[in-house]
Amino acid sequence: MTDWGLVLIPAMCLVGLTGSVLLAVPPLNLRLPVRRAGWLLSLFPAGSSVLILSRLPSLSAVSPQSFKLDWIPSLGLTAGLYFDHLSALFGLLITGIGTLVVIYAGYYFDQSASSRSTISPWREWRFLAFLFLFMAAMVTVVMAGDVLTLFISWELTSVASFLLIGYRQQDQAARQGAFKSLLITGAGGVALLLGLLVLSSVTGSGEFAHILTAGDLVRSSPLYLLALALVALGAFTKSAQFPFHIWLPDAMGAPTPASAYLHSATMVKAGIFLLARLNPVLGFTDEWFWLLTAVGGITMLTGASAGFRQNDLKALLAYSTISQLGVLIMLIGQDTEIAFKALVISILAHALYKSALFMLVGIVDHATGTRDLRRLGGLVRTMPIAFLATGVAAMSMAGLPPLFGFLAKETLLATATHPNVPPLANVVLPATTVIAGALILAQAGVVVWDSFLGRPRDQSLHPHRPPAFMCLVATVPAVLSLTIGLLPEPEPIASFLANAAAAVYGSKVKVSLALWNGITVPLLLSAVAVCSGMVLFVLRHPLRERLSRTDPRWSANTLYRWSVGLIDGSAFVATRLQGGKLRTYMATVILGMLALVFGFGDLAQWHWETPLTLPTLDTTGEIVVLRIFALLVVVTGAAATIGLPRDFWAVVALGSSGMAVAILMVLEPAPDVALVQLVADILTVVILVLALARLPRSQRQRANDLMFLQSRASLVRDSLIAVAAGAVVALVTLVGLTSRPRTSAVTPYYEDTAKVLAGTKDIVGAILVDYRALDTLIEIAVFGLAGLGVYTLLRHASVKAGDHNESDATDRQSIAGAQDVFGIAGAETSSFVHALAYVSLPLAMVIGLVHIMYGHDQPGDGFTAGVIISLAIGFWYVVFGFRQVRRQLTWLRSAPLIATGLLLAIASGTAAACHTGSFLGHVDWGEVIGISLPRGFALSTSFLFEVAICLTVLGSASYILDTLGRPGATEHESAGK
Amino acid sequence: MLIASQILGLIAPQWILLVAAMLVLALDLTLGEEREGWLPYIALLGLGAALVASLSLWNRQVALFEGLFLIDRFAVFFQIIAVLATGLVILASIGYFEGKTPYKGQFYALLLVTALAITLLASAADLVMVFISIEVLSVTSYTLTGYLIADRKSTEAGLKFFLYGAAASAIMLYGMTLLYGATGSTNLAEIGRTLSLASGEGSRWLPIAAIVMLLVGFGFKVSAAPFHQWAPDVYEGAPTPFAAFLSVGSKAAGFAILLRVFLTALPDFRVDWFALVTTLSIATMTLGNLIAIFQENIKRMLAYSSIAQAGYILIGLACWDPQATGRESISAILFYLLAYLFTNLGAFTVVIAVERAVGTNEISDYAGLIRRNPWLAAALFVFFLSLVGIPPTGVFVGKLLIFAAAVRLEYYALVIVALINGVISLYYYYGVLRRVFFLAPRDEAPIAVSTPLRVVLAVTLIMTLGTAIFAQPFIRLALTSAVL
């Protein structure tokens, strides 16, 4: 059943929100005084109230009205509304008091505008907009038809409350209070979300219509306690239950209309509503009873006693609100018929008298400029109406007949003395209720007596008369609580409340609103409470004096400060880990990896009892000597790289280690791998040397010093990290070698098909240029990019550094003019080395060519060819220096080489694709065209691809060499020394 | 057997991006100063063409090049993500380099190459392909990070990024070789088959060590703790549009490959990597959120925030269970990435707008933004709401989907940790918003926003809200794409 009419109820409030925003825009904001706008905008909540009222006659007590819109069907998420008598009760409170508060806010800000000199015109409209935002959200909370709608609107009320508390931005305390409330209620909100998710996963649906019928399922589920704890956490934070109540007093920095509306009448009741709504699902268990009774009881006492010592009127009211909220929570926990009767009556009674009191305090505040009880007094002369209204509301708060509050207290006491209450609780409950009742009565007396009667304590106060309408608005709820009490037997109200209570209880509840029920136990207890309250009131001055001197060191606020401090503290520690030092980062990465390997490496499952079969060295033959030698060189080289105190030496040591790996590969025998390893290793060394040479000597020296003259501790630490990493990797490799499958799955496949598919005997070559040709193509593209990257980073950096002679035009001149032959870093080189270099380049080219031509069947390929030629060129750079190389090797243009290489690869691939249908497929073009070639050489796609690889590698390498070999300002400096 | 033209059609997004990149590069050299403004739009055209090509592949399920390259909905989904991220970043960077560097055109070309790399990564079905595409992505990223050569911080960031990335890649490559050693194959599906046949016998040490090492590389890409430390330094130094790209595009790519490798090659090791991923997830979100609190630079703060977000997303992977949540948790990740893309790009766009007006990225410069440009302030508010996970925003729905998967598997502890983290994150987002809304600006001058930035803001804002309010089609998209 989808009842679109229901949407109208929250929608009206949204219209109000739009209206308040519209009114904020010029020229409307200038034409209309805030006072009038309040009246105008109050039509929307009033309309909402009327809508709710108009639905009541047709609302059956057993079947609620609902509205459903699919939001995320796959998750079963809907946006829905659910409207029963409980929703109606809360809805009427929200929209009814909302109407009054909006009118009241109009006067409140009108006044404040006149009392202050500068006021930005749109600020007050913003307040109304926040108020309407809250109203719409809150109405949605009480009408929510599913968990998600509930959660979303729930969080929105927190946000609106935050905005309203922090409304006075220049007030530091208000801002902190706002944040505190957001943190506490927001945290509760996420707990609630989880609780609701658990609930819907247990019941299989997120809709209340379904959840509410699945109470037995939930109560028998093992997740019941979790769901209860999470939901209760959400409700307790929102409804300011101990120990989360601390946000509510701090929220009093909000303008009074917001305090009256959110922080007494409505928002803080959201938690009450939630628990009431979920009572049929979560309630009726011992856990429910004890949790709610204990928390509610403690909150009731804490609020009542803390309120008694307050001097700020708003703070006093806030604490009494906390106390009352505790009462409500306690009532929900009882799960007896009388308790729910008490619940609905108390909700209504409290909302009426507390909102009236807050609005009246606001009037006092405005008229006098203070809310401090130590300064007020004798206000009855300037504001008699306000006095009367306060008196009525305070009597209701005190629970005196014939007011509605009396009824609330009677039913509460009746609940506390109900025979179903378990032992222990049956003594504690009435006792605490009586004590709290007495305290609250004393406070009600304080509010009326000390502010309106007696003589003004502070003579400097000159209260002005408040606008009559403002007082009138504040009086409305007070009068209502009087009339409901006085009416003989208001049947429609009683049956409405009975229905609301029944929605919570799950079965019928009888509600009668008669004040006199004969002499009963509750009445007697009530008399005790009134009498002791009177005593407290008479003794208020010494008592309050004493109480306000006690400094509660162990309050819940300490806990809050601690948790905020804990977050701050751990944030501080965590920030320390991020110092910006790459060295620390590297250590973190390696240590992190080691920790993870050890932590999750399934060490327990490793068969420790069966020793690893260590691979034995084949000691036969003379090759073993070579092997051991190579292994020694690998290890020593690596160790020396770290230990040698000079960077150039370290580079050479690294090279020797790599070289030894190449030797091992030769012995394996894996000549292909060895060849690649060899050339790549040499090229790396050359590039590293060139790169180091670019750095000014002083800088290198400093880096060296930093490295080796630092504290012993950090050296030891780094060495330990390195050794640990090495050990783990060795261990893993060892395990890997001993436990991996003996036979390779792929080798036979390649062996069988290489000749057929790729026309070659060299499997490695075939894999590179045939089977995995696309990989290789991308790889060389990456290689080209890497060259470009180095070029961009270094060239641009040095251009920035001010080497203007680096621009190409001046380059050419300086190259042409250079006659001296200097090698790297300006060092002179001998003629013998020159001759060697002259020979090496053509030789390298020939070797490279051979590699390309015959590499397809033999070890070697385009990559090695490219690297070998690059090596020779690198040698030139080292020997002759940058200028000489540029002058002699004019053909060496990096970009064209790379471009040609890539284009050739793509072109040959495409040509093959046209011929065979497969990109880079194997085609022997020599055969196709019909030319005879030397044996072992085929003009195939592979050959062209090898050429392309070679060109790209050469181009990219020369980019790097060229950039690194280029003399910079730095070099001149070092040369000059 | 496919014929060449069919193959060309299947790899159309890739070659279109390549051609577009080359075209932009060529035009950058030939067009000259006054017509340089065309380049971003040409790049956008290329992206548009690539998007059309991607969409045409929606219903294909093909393996190309001997199983190297896979085209399925999962791949197409990330192609779309790559194109969207790149397109929005290109729009957001129009005008950004004015006065910062003379080389503007190359930025767009390189950005297109990064998009290409992401599309390759999303389709990679072989360790070699995985490594190569990650390297393409990384190398271009290093260059783009250090793009502002006149800016010390940018250069330093580029270099740090490079060195860190090289180390991470090396470890990852080592892990790949171990995996190859253990299974004798580099094909992901083949590895998965071998491992599941061999499961139970022999030691699990080798694959687990390999998994950890792979995680180093993937964790580096998604910025998961403890492999996250590069992110703040790099974000701070990189040109802001590219930092934005790193936070969404690069991260999405990281998750794409993480999912692809773990779910195709290593599903039989779920029990092992579940614990690993959970640990990383908790560490990542907690560290990210805690350190974010003390940041004074908004880019650094967003970097930590994006680290924390990676932690939340990792929950989705931890909650992958082939029987119980299979596609559901994967689709949650995909949806999260999509929503996060718009949200975070939006937040960064506000940062770009402010940076262009103010010149710095200090959070204190955000004081009174509401008075200087209320639209920027409102947009930032929505984006931050989304990042915290407050409805009705996209990331909220993403979180909801991920938590729903966790609740389904009854991993409540993980959800509770995430929720506590959500509350902590309120702290620093609020710190910025407090300045934006409540403090008085030092300088009252209004902040003007250029038209391309406005377009980006509008798109991201609409999508941040749209992915939440009309979530169903996006969730369905994620669900149908969550096929591995």
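Just so we're clear, the structure is a prediction, and the values are computed from it rather than from any experiment. So that the names make sense, note that chain A is the first sequence line, chain B the second, and so on, each numbered from 1.
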Colleague: Answer with side chain, backbone, both or neither: which region of B:T186 has an atom nearer than 4.5 Å to a non-hydrogen atom of chain A?
Modeller: side chain
Colleague: Ring centroid separation for B:F227 and B:F220, is it under 6.0 angstrom?
Modeller: no
Colleague: Measure B:L68 against the heavy atoms of chain A and call it side chain, backbone, both or neither at under 4.5 Å.
Modeller: side chain
Colleague: In the structure I gave you, are the side-chain heavy atoms of B:L400 and A:L193 within less than 4.5 Å of one another anywhere?
Modeller: yes
Colleague: Any side-chain heavy-atom pair from A:V564 and B:Y427 closer than 4.5 angstrom?
Modeller: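 SC-SC contact between A:V564 and B:Y427 confirmed.
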Colleague: Check whether any side-chain heavy atom of B:L215 sits under 4.5 Å from a side-chain heavy atom of A:L596, and report yes or no.
Modeller: no
Colleague: Under 4.5 Å heavy-atom distance to chain B, tell me which part of A:L591 shows up: side chain, backbone, both or neither.
Modeller: neither
Colleague: Using the test side-chain hydrogen bond (donor to acceptor under 3.5 Å, both in side chains), find all partners of B:S133 that sit at least two apart in sequence or belong to another chain.
Modeller: none
Colleague: Please enumerate all residues that pass side-chain hydrogen bond (donor to acceptor under 3.5 Å, both in side chains) together with B:R152, with sequence neighbours excluded.
Modeller: none
Colleague: Considering only heavy atoms and a distance below 4.5 Å, find which of B:I469, B:I424, B:I390 pairs most often with chain A.
Modeller: B:I469
Colleague: Which bit of A:S570 is near chain B, if near means a heavy-atom gap under 4.5 Å: side chain, backbone, both or neither?
Modeller: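 For A:S570, backbone and side chain are both near chain B.
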Colleague: B:N289 and side chain to side chain contact (heavy atoms under 4.5 Å, CB included): which partner among B:I420, B:I307, B:N421?
Modeller: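 Per the side chain to side chain contact (heavy atoms under 4.5 Å, CB included) rule, the option paired with B:N289 is B:N421, out of B:I420, B:I307, B:N421.
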Colleague: Checking heavy atoms, do the side chain of B:Y164, its backbone, both or neither come under 4.5 Å from chain A?
Modeller: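 Contact with chain A involves both backbone and side-chain atoms of B:Y164.
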Colleague: How long is the span from the CZ atom in A:F162 to the CD atom in A:E155, to the nearest 0.5 Å?
Modeller: 13.0 Å
Colleague: What pair of heavy atoms forms the shortest contact from B:A303 to B:P232, and how long is it?
Modeller: CB-CA, 3.6 Å
Colleague: Top residue by heavy-atom pair count (under 4.5 Å) with chain A, among B:M129, B:E410, B:H228, B:E135?
Modeller: B:M129
Colleague: Counting only heavy atoms closer than 4.5 Å, note whether B:Y174 contacts chain A via side chain, backbone, both or neither.
Modeller: side chain
Colleague: Taking B:A167, B:A468, B:G219 one by one, which has the highest count of heavy-atom pairs under 4.5 Å against chain A?
Modeller: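 Most heavy-atom pairs within the cutoff with chain A belong to B:A468.
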Colleague: Would you mind checking which part of B:V113 comes under 4.5 Å of any heavy atom in chain A, side chain (CB onward), backbone (N, CA, C, O), both or neither?
Modeller: side chain
Colleague: Which of the residues B:F131, B:F396, B:W273, B:F470 is involved in the greatest number of heavy-atom pairs with chain A at under 4.5 angstrom?
Modeller: B:F396
Colleague: Using only heavy-atom distances, determine whether the side chains of A:Y585 and B:D233 contain a donor-acceptor pair under 3.5 Å.
Modeller: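 Present: a donor and an acceptor within the cut-off.
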Colleague: Tell me, side chain or backbone of A:L148 under 4.5 Å from chain B's heavy atoms, or both, or neither?
Modeller: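 Contact with chain B involves the side chain of A:L148 alone.
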Colleague: Considering only heavy atoms and a distance below 4.5 Å, find which of B:I132, B:L120, B:V423, B:V136 pairs most often with chain A.
Modeller: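 Most pairs with chain A among the choices: B:I132.
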Colleague: Determine the option with the most heavy-atom pairs under 4.5 angstrom with chain B, choosing from A:I590, A:L197, A:T584, A:L194.
Modeller: A:L194
Colleague: Please look at B:T279 and chain A and tell me whether the side chain, the backbone, both or neither of the residue comes under 4.5 angstrom of a heavy atom of that chain.
Modeller: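 For B:T279, the contact with chain A is made by the side chain alone.
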Colleague: Once you round to the nearest 0.5 Å, how far does CG of B:L439 lie from CZ of A:R175?
Modeller: 6.0 Å
Colleague: Could you look at B:I211 and say if it's the side chain, the backbone, both or neither that has a heavy atom under 4.5 Å from chain A?
Modeller: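 The answer is neither part of B:I211.
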Colleague: Among B:L276, B:V407, B:I293, B:V139, which residue forms the greatest number of heavy-atom pairs with chain A at distances under 4.5 Å?
Modeller: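 So the answer, after comparing B:L276, B:V407, B:I293, B:V139, is B:L276.
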